[in-house]
Chemist: 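The following block contains the structure, expressed as structure tokens.
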2 protein chains.
Amino acid sequence: MRNPKSKSTVSTTTWALFLTTHAVLLEKIEATLKVAELPPLEWYDVLWALERAPQHRLRMHELAHSVVLSRSNLTRLVDRLEAAGLVERQSAADDKRGAYGVLTSAGLAMREKMWPAYRDCIVDLFNQHLSKDEQGIMNGALRRILDAARDSADEGI
Amino acid sequence: MRNPKSKSTVSTTTWALFLTTHAVLLEKIEATLKVAELPPLEWYDVLWALERAPQHRLRMHELAHSVVLSRSNLTRLVDRLEAAGLVERQSAADDKRGAYGVLTSAGLAMREKMWPAYRDCIVDLFNQHLSKDEQGIMNGALRRILDAARDSADEGI
DNA sequence: GGAAATTAGTTGCGTTTGCAACTATTCTTG
DNA sequence: CAAGAATAGTTGCAAACGCAACTAATTTCC
């Protein structure tokens, strides 16, 4: 029982590496963005999700799902983005409960401004170390894991 | 410029899947632990790091590095673990600035109690969807990424 | 051998998170 | 078509985090 692996022989090496790599890389990326005086990564995620969406807008719950955040956290993240002028709220015409998060032109500009710094991080820390084959294999494997975790049938990444 | 990929042709699919998979899986695992009335995952990480360490103890900064946490956050995480009786602080004899975090027997028991629930999560959400080959390839790739990010030359995972 | 720089760990403070409760609207179905 | 259930989004509050400042001990090196 000293070593978890001994019990029913499950190897957790990949999982442990997955977690640690994520933690280390995220820490580095956030630090880089901070030095460049750019907003945190989650802002990028929201801006990019909106940029890809039809009419540059998504309902709050869609946005929350898209960036994998709880509703309440997304509410407040959008508060901050709205305060910064990067996103606007628009009430939904067809559902009076609902609201859209809408990308502003300043939000689009910020997404584009953040991208080079972010892309360089991804390349330097991640892509650079992966062969095309490895990328293909990881895409397949992660896709499968993600779809299973989300009970399949979800749209984009 | 609409699509980041178009610029200097860097494919960020793997990275995006990596991030999203991490977020979704962590959310599920934390929820499972909570339902089982078990402490959060980071407690497990600390307990397990100490359990593997010689004499079940590590200096605070080693522990911080081992679980990829800032010093100040580790200080307070250990505060909580100490309050729960799972870890003790011990001042270092050879360096009067220093302190050890030491696993208590209650801490060891808790680690063992958490493991089955955690292991089941890992298997169900992660391992189950990976072939041995895929695991091997991911291990190699992640190891390489992690070592590079940490300027190589770091011990255990 | 002693001033300056470095390292270990903690703490204060403002920000962000997580959870549960809450309002308001829409859907269900008897 | 009305009562109850479900869904959308926000908010209050306590816990946790990130950063910079702080104390204390150790190392460097002139």
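Just so it is clear, the model here is predicted, and its values are computed rather than measured. Labels below follow one simple rule: chain letters A, B, ... track the order of the sequence lines, proteins then strands, and each chain is numbered from 1.
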Chemist: Below 3.5 Å between N/O atoms, which protein atoms pair up with nucleotides 15-17 of chain C? Just atom names and distances, please.
Modeler:
residue: C:dT17; atom: OP1; partner: A:E42; partner atom: OE1; Å: 3.3
residue: C:dT17; atom: OP2; partner: A:R80; partner atom: NH1; Å: 3.4
residue: C:dT17; atom: OP2; partner: A:R80; partner atom: NH2; Å: 2.8

Chemist: Please report the interatomic distance CG(B:N139) to CZ(B:R144), rounded to the nearest 0.5 Å.
Modeler: 11.0 Å
Chemist: B:E37 has an atom CD; how far is it from atom P of C:dC19, in whole Å?
Modeler: 14 Å
Chemist: Specify the separation, in whole Å, of atom CG of B:L81 and atom P of D:dA16.
Modeler: 11 Å
Chemist: Give the rounded distance in Å between these two atoms: NE2 of A:H61 and P of C:dT26.
Modeler: 14 Å
Chemist: As a test of reading the structure: which of D:dT11, D:dA20, D:dT7 is closest to the side chain of A:R97, going by heavy atoms?
Modeler: D:dT7
Chemist: Given side chains that start at C-beta, do those of A:I122 and A:W115 come closer than 4.5 Å, heavy atoms only?
Modeler: yes
Chemist: Roughly how far, to the nearest 0.5 Å, is the CD atom of A:Q135 from the CG atom of A:N127?
Modeler: 5.0 Å
Chemist: Can you say whether the rings of B:W15 and B:F18 are parallel (under 30°), tilted (30 to 60°) or perpendicular (over 60°)?
Modeler: parallel
Chemist: How many angstroms lie between OH in A:Y100 and CZ in A:R57, if you round to the nearest 0.5 Å?
Modeler: 4.0 Å
Chemist: How long is the line joining NE2 of B:H65 and C1' of C:dT7, in whole Å?
Modeler: 16 Å
Chemist: How long is the line joining CG of B:D94 and P of D:dT26, in whole Å?
Modeler: 9 Å
Chemist: Report the distance from atom CD of B:E62 to atom C1' of C:dG9, rounded to the nearest whole Å.
Modeler: 13 Å
Chemist: Taking only the side-chain heavy atoms of B:T75 (C-beta and beyond), determine which of D:dT10, C:dT10, D:dT26 contains the nearest atom.
Modeler: C:dT10
Chemist: Could you tell me whether a side-chain N or O of B:E88 sits under 3.5 Å from a main-chain N or O of B:T104, the two making a donor and an acceptor?
Modeler: no
Chemist: Is the shortest side-chain heavy-atom distance between B:W43 and B:W48 below 4.5 Å?
Modeler: no
Chemist: Among the candidates C:dT10, D:dT26, D:dA8, find the nucleotide nearest to the side-chain atoms of B:M60.
Modeler: C:dT10
Chemist: Please state whether the phosphate of C:dC19, meaning OP1 or OP2, lies under 4.0 angstrom from any side-chain nitrogen or oxygen of B:K34.
Modeler: yes
Chemist: How close or far is atom P of D:dG9 from atom CZ of A:R57, stated in whole angstroms?
Modeler: 12 Å
Chemist: Here's a test of your reading of the structure: between B:G98 and A:K96, which maps to the more 5' nucleotide of DNA chain C?
Modeler: B:G98
Chemist: Is there a donor and acceptor pair closer than 3.5 Å between the side chain of A:S70 and the base of C:dC19?
Modeler: no
Chemist: Starting at atom CG of A:L58, determine the distance to atom P of D:dA8, rounded to an integer number of angstrom.
Modeler: 14 Å
Chemist: Hey, which sits more toward the 5' end of DNA chain D by its nearest nucleotide, B:D95 or A:R59?
Modeler: A:R59
